[in-house]
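Shown next, in structure tokens, is the structure this report addresses.
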Protein chains: 2
Amino acid sequence: MLTIGTLAKRTGTKVQTIRYYETIGLMPEPERTEGGQRRYGQAELDRLSFVRHGRQLGFSLEAIRDLLDLADNPAQSCADADSIARQQLKQVEDRIDRLVALRLELKRMISECGHDSVAQCRVLEVLRDHAECLTDHNSIGG
Amino acid sequence: MLTIGTLAKRTGTKVQTIRYYETIGLMPEPERTEGGQRRYGQAELDRLSFVRHGRQLGFSLEAIRDLLDLADNPAQSCADADSIARQQLKQVEDRIDRLVALRLELKRMISECGHDSVAQCRVLEVLRDHAECLTDHNSIGG
DNA sequence: GATAATCCCTCCAGTCCCTGTAGGTTCAAG
DNA sequence: CTTGAACCTACAGGGACTGGAGGGATTATC
């Protein structure tokens, strides 16, 4: 029987976040001690690990909820899970592309800077000048 | 003289977002027509492009504000801008690493799935089983 | 068995970065 | 001059947490 703090540490989650997951129905209401404190078992540890891992991988809580629903009703086909994964893969590749472009830009900014002299600092120009060519009207993320 | 809608289109921003940037002081209060509608010029287009580009590249509004402050006071050294860029680069590389790991995971999930049969669908197991090894107690981002 | 440190509880407000809606006004085209 | 799109303000909501106040429970130590 794990306390909420232990569960938090084991999964790299904040205690409040676990309680938040409970309020939105992503985590079940756990057992309580006589004093009213939450106690968790292996099932909850697994489930929270799943959630956290999904979040770290960029899934929205909504997508994670869908996957958990699939897990809770294993009699269904995995086509749904597959399509969720495919959708996610696209977004992930998009993000990687943009971040790689950013990395390049930042490296160039840093290499062109570092002279401690305004005349040679092009950080701001770089960011401004490339604004239009890179505007792709996509959502920024979040 | 550009309307807010035109500015929005040119920069891939929503109209409300531009007004929001104004309320938080990231964009200046623009000229108005007699009727009270906002009209923008090249300076605002540049500034907003800068902001959006920064956002697309993963900068927080706070970091962007810092950079804009530097741009507004060009008499300072660029050491500050440089350190902002360096900090950002680290975060970007972190995110890339995590996303690349995710991509791999997702690809494996998809390749192992697609059989439309529960017995062979390992999506959920993959996500759960790898939860602990990848827990790194880092912030998830945002 | 008392005490102190640490953890836990609820409730609620705040953060970040927008996004959407309601109800009304202005502008440009035909 | 009328229509319809675009604009205005003001405010609520959303996603995913995060932090704090004020108080109770548990555990380790003396």
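In the text below, chain A, chain B and the rest are named by the order of the sequence lines, each starting its count at 1.
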Exercise for the section: Examine C:dC16: is either OP1 or OP2 under 4.0 Å from a nitrogen or oxygen in the side chain of B:Y20? Give yes or no. Expected result: no
Problem - Single-linkage hydrophobic cluster A:L48~A:M1, side-chain heavy atoms < 4.5 angstrom - result: no
Completion exercise
Closest to the 5' end of DNA chain C, once B:R39 and B:K14 are matched to their nearest nucleotides, is B:K14
Problem - For atom CG of A:L7 and atom C1' of C:dC9, their distance in whole Å - result: 16 Å
Fill in the blank from the handout: Whole-Å distance, B:I64 CD1 to C:dC16 C1', equals 13 Å
Problem - Gap between atoms CD and P, on A:Q37 and C:dT6 respectively (whole Å) - result: 16 Å
Completion exercise
Of B:G35 and A:G35, the one whose nearest nucleotide on DNA chain D sits closer to the 5' end is B:G35
Practice task
Using only side-chain N and O atoms of A:T3, determine if any of them is under 4.0 Å from OP1 or OP2 of D:dT26.
Solution key: no
Practice task
Could you check A:G5 against B:T17 and say which one's nearest nucleotide on DNA chain C is further toward the 5' end?
Solution key: A:G5
Handout entry: Minimum-distance nucleotide to A:R55 side chain [options: C:dC27, C:dC18, D:dA16]
Key = D:dA16
Exercise for the section: Rounded off to whole Å, could you give me the CE-to-C1' distance for the A:M1 and D:dT27 pair? Expected result: 19 Å
Practice task
Using a cut-off of strictly less than 4.0 Å, decide whether B:Y21 has a side-chain nitrogen or oxygen near OP1 or OP2 of C:dC17.
Solution key: no
Practice task
Output the distance between atom CD1 (B:I18) and atom OG1 (B:T13), rounded to the nearest 0.5 Å.
Solution key: 5.0 Å
Problem - Working for salt bridge (Lys or Arg N to Asp or Glu O under 4.0 Å), residues A:R65 and A:E62 - result: CA-CA 5 Å; A:R65 196 192 294 273; A:E62 238 356 87; 3.4 Å; yes
Exercise for the section: Examine the side chains of B:R10 and B:Y40 and answer whether a donor and an acceptor come within less than 3.5 Å of each other. Expected result: no
Exercise for the section: State plainly whether the residues A:E44 and A:R39 are in salt-bridge range, i.e. N to O under 4.0 Å. Expected result: no
Problem - Length of the CG-C1' vector between B:L2 and D:dC7, whole Å - result: 15 Å
Exercise for the section: Tell me what B:L61 touches on the nucleic acid: a base, only sugar-phosphate, or nothing, going by heavy atoms under 4.0 Å. Expected result: sugar-phosphate
Practice task
Let me know, please, whether A:E34 or B:Q16 comes out on the 5' side of the other along DNA chain D by nearest nucleotide.
Solution key: B:Q16
Problem - Spacing between A:I18 atom CD1 and D:dT18 atom C1', to the nearest angstrom - result: 14 Å
Handout entry: Separation of atom CE in A:M27 from atom P in D:dA16, rounded to whole Å
Key = 16 Å
Exercise for the section: Classify the nucleic acid contact of B:R38 as base, sugar-phosphate or nothing, counting any heavy atom under 4.0 Å across all strands shown. Expected result: sugar-phosphate
Exercise for the section: Ignoring the backbone of B:S60, work out which of C:dC17, D:dA16, C:dC8 is nearest its side chain. Expected result: C:dC17
Handout entry: Minimum-distance nucleotide to A:R52 side chain [options: D:dC17, C:dC9, C:dC27]
Key = D:dC17
Handout entry: A:T33 vs D:dT26: side-chain N/O to OP1/OP2 distance below 4.0 Å
Key = yes
Handout entry: B:Y21 OH to B:R52 CZ distance, which is reported to the nearest 0.5 Å
Key = 3.5 Å
Handout entry: Sugar-phosphate, base or nothing in reach of B:I24, heavy atoms under 4.0 Å
Key = nothing
Problem - Euclidean distance, atom CZ of residue B:R19 to atom P of C:dT19 [Å, nearest integer] - result: 13 Å
Exercise for the section: Would you mind classifying the nucleic acid contact of A:R32 as base, sugar-phosphate or nothing, using non-hydrogen atoms under 4.0 angstrom? Expected result: sugar-phosphate
